[in-house]
K.L.:
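One structure, pasted below without further comment.
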Amino acid sequence: MIAPGSTIGILGGGQLGRMLAMAAAQLGYRCHIYAPERESIAAEVSAKFTCADWHDHAALSAFAQDCAVVTYEFENVPVAPLAAIPAELLAPGTRALEVAQDRLSEKRFVEDLGGRPAPYAAVDADDELQAAVERVGVPGILKTRRDGYDGKGQWRLASASEAAGVRVPADGLVYEALVRFEAEFSVILVRGRDGAVRFWDSPHNVHAGGILASSTVPAPAIVGQQVPAARKLAQAIAEALGYVGVLTVEFFATAQGPVFNEMAPRVHNSGHWTIEGALTSQFENHVRAICGLPLGDTATLFPAIAMTNLIGEAAGDAAALLADPHVHLHLYGKGEAREGRKMGHVTRLG
Ligand code: AMP
């Protein structure tokens, strides 16, 4: 067990790190944030901050020496430089990052475990694109294998001719069929160092322009019917990775059953409702898991919960948002309300 009072290292300096650090503080831990950006909203609520490049070996090893355990709030941390941190300090391990950072290896990994992603084809070079589009069909979505998030690095193709002239980047693309889904949902689980697994209720997630707009609990009936199979896959992923901490797996609920979309080896935006809406939040249970403490109950506390992201200017009027007494407002302290930027969220209970 990593005792309260110890220092938890967090790689990444955004809002997920901020909410993790706040949960860690409640349990008496200190957090040390490592991020390349000078401004860090996670560092603002943490004991220490190392601002250094992801490839800075000396900075990473000095950071590791200060920490009893190191975790991530951002899944695209380059893996090779993490060799500067003793492997036994990292929770979850880097294998989870390697799988989740590459859409192709992620899909293959999940297929090997019996999961079903949307039909897809790998595209490694310009001259492979046309054949991939023909094989998978249209409409479809071209996605960069690496570094995509919040709908970035994605292009929808309505017809095969739209693929003409596309330049395939060095890391390659994946072309996948557009899934006709009834709803999107996520499985959020936590796995302890002893292998114990707990699931939160699966929220119904609505995206707008590739960015999560809202997560609501309970989800519609079709999601409820597909949660058992989705949980089985999510647990198999966690077990195959020897995973410790919170793991999120996103699915499409379709007439043919759950289709795997992607996984995040970390706490997730679709789990923010658990802060007020569940007996133990995803952030607290992540801290408990990585520190080897017993996991808290994940039961939902209210008959209906809706989490809405505040994107761009929407976060502007705190007093108006709080005029509803059932609303909890979370503002991340980001300076500039740029378009598409997650500034905060509100959770409405009951
Ligand atoms: P991603 O970053 O891959 O999760 O994509 C962001 C969002 O785009 C998803 O949550 C869906 O709303 C939509 N999307 C991505 N891939 C597909 C697909 N193959 N079929 C239908 N919608 C998709």
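Numbers here simply count residues along the sequence, with the first being 1. For ligands, and for the atoms within them, numbers begin at 1 and follow the listed sequence.
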K.L.:
Angle class for the Phe260/Phe251 ring planes (parallel below 30°, perpendicular above 60°, tilted otherwise)?
P.N.:
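Perpendicular.
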K.L.:
Assign the ring pair Tyr332 / His272 to parallel, tilted or perpendicular, where the plane angle (0 to 90°) is split at 30° and 60°.
P.N.:
perpendicular
K.L.:
If we ignore hydrogens and angles and just use 3.5 Å, is the side chain of Tyr29 paired with the main-chain N or O of Val287 as donor and acceptor?
P.N.:
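Answer holds: no.
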K.L.:
Is it true that a side-chain atom of Thr274 and a backbone atom of Gly277 form a donor plus acceptor pair closer than 3.5 Å?
P.N.:
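Such a contact is absent between Thr274 side chain and Gly277 backbone.
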K.L.:
For ligand 1, what is the set of protein residues having any non-hydrogen atom at a distance below 4.0 Å?
P.N.:
Arg103, Ile141, Lys143, Gln154, Arg156, Glu176, Ala177, Leu178, Val179, Phe181, Glu184, His207, Gly210, Phe252, Asn261, Glu262
K.L.:
Please name all residues satisfying salt bridge (charged side-chain N to carboxylate O under 4.0 Å, His left out) with Arg38, sequence neighbours left out, ordered by chain then number.
P.N.:
none
K.L.:
For His330, run the side chain to side chain contact (heavy atoms under 4.5 Å, CB included) check against Glu276, Met22, Met343 and tell me which one passes.
P.N.:
Glu276
